[in-house]
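Residue numbers start from 1 in every chain, and the chains themselves are labelled A, B, ... in the order their sequence lines are given, proteins ahead of strands. Computed from a predicted structure; not experimentally measured.
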Amino acid sequence: MPELPEVETVMRGLALRLEGRRIRAAALLRGDLRRAIPSGLAARLTGSTVIGFRRRGKYILMRLAGGDSLLIHLGMSGRMAIRLQGPAEMDREKHEHLILETDEGWRIGLIDPRRFGLLDLMPTAAEDAHVLLRDMGPEPLDEAFTVAVLSEALRGRRTPIKAALLDQRIVAGLGNIYVSEALFRAGISPRRLAGSVPGVRAQRLVPAIKATLGEAIAAGGSSLRDYVQPDGELGYFQHAWKVYGRAGMACERCPGPPGCAGVKRIVQAGRSTFFCPRTQL
DNA sequence: AGAAGGCCCTGCGTGC
DNA sequence: TGCACGCAGGGCCTTC
């Protein structure tokens, strides 16, 4: 589930309870997520003070006093559960892999049934050199992500634009949902070869990506109010997709039949893509 | 070099 | 109610 906007929302929710706080206890309940978790991770977290957070693509970096950063990736099914620690709530939830307890008594759990997520520890000074981060493309919401930058990355590519935008080396943080949504917004077919996008289409695509992500983050931010409550679940929030998951339904740009049969679902590289064949060319 | 496909893992909805 | 199947928002590895 978590793409850039969800990861951003989760990070902000974590910051609410962890920034400036001391981790009173940390327990690693399962060490085999996508990658093996460093054995000393729980010990390093215990007693540490959290000084800040950063997001890079779909990764969260939690910075500790003393110069280390905890890398968190939620995979496809990861979420964070935040609640006040109570005497009857010591038990772990199913698929809960890491539990942190703050000096204020908040209990923060990482839950990931499919275990496609990961945790790692690194020096804060070397965050960007981490093997999982070093080849990542620009942050789409940064000013540095421009039409020229995206065009250069796409030029000559003979893969569908859908696949190119999922490639984290081209742009960081987009996943299957927001790629479909951004391409719909830009009026570009997901099947179009990436190399044909530079030009007028890239001029539509870059602002479409920024707006799509920006609106989703705003929706997540408004849902953050709920996380302030003691039983907050970070990771999911209500958001209305325009094409994702809407196969057969009319898109907002079309009048419906007979002019248009509605949103179409196709499979590209084994994954679902949703688009409007009439307005995305 | 770059792209397509298989695979990792568990849960859920659907149809029989 | 049970069971088989397909599908799921990520990313890595192998193959071609």
What interatomic distance, in whole Å, is found between P of C/dC3 and the corresponding atom of B/dC9? 23 Å
Please determine, for B/dG11, whether a Watson-Crick or G-U wobble partner exists with both distances under 3.5 Å, and give it or none. C/dC7
Residue-phosphate contact under 4.0 Å: A/S77 side-chain N/O, C/dG10 OP1/OP2: no
A/H73 side-chain N/O to C/dG10 phosphate OP1/OP2 under 4.0 Å: no
Are the side chains of A/V50 and A/I23 in touch, meaning some heavy atoms are under 4.5 Å apart? yes
Residue that, paired with A/D103, satisfies salt bridge (charged side-chain N to carboxylate O under 4.0 Å, His left out) out of A/R21, A/R22, A/R24: A/R21
Donor-acceptor pair present, A/R114 side chain and B/dC9 base, under 3.5 Å: yes
A/R79 with A/E93: basic N within carboxylate O range, under 4.0 Å: yes
B/dG6 - base-pair partner by Watson-Crick or wobble geometry, distances under 3.5 Å: C/dC12
Rounded to the nearest angstrom, tell me the gap between atom CG in A/L33 and atom P in C/dC12. 15 Å
Basic-acidic side-chain contact under 4.0 Å: A/E127, A/R54: yes
Hey, are A/R185 and A/E215 close enough for a salt bridge, meaning a charged N less than 4.0 Å from a carboxylate O? yes
Does A/Y244 place a side-chain N or O at less than 4.0 Å from the phosphate oxygens OP1/OP2 of C/dG9? yes
Does A/K94 put a side-chain nitrogen or oxygen below 4.0 Å from OP1 or OP2 of B/dT10? no
N/O (side chain, A/H95) to phosphate O (OP1/OP2, B/dC9) under 4.0 Å: no
A/F274 CZ - C/dC7 C1' separation (whole Å): 10 Å
Least distance between heavy atoms, A/R56 atom then A/P138 atom: NH1-C, 4.2 Å
Between B/dC12 and C/dG11 - C1' atom distance, rounded Å: 22 Å
Rounded to the Å, how far apart are A/R35 CZ and C/dG10 C1'? 14 Å
Ion pair check, A/E8 and A/R55, cut-off under 4.0 Å: yes
Which residues in residues 156-168 of chain A have at least one heavy atom lying under 4.0 Å from any atom of DNA chain B? A/R157, A/R158, A/T159
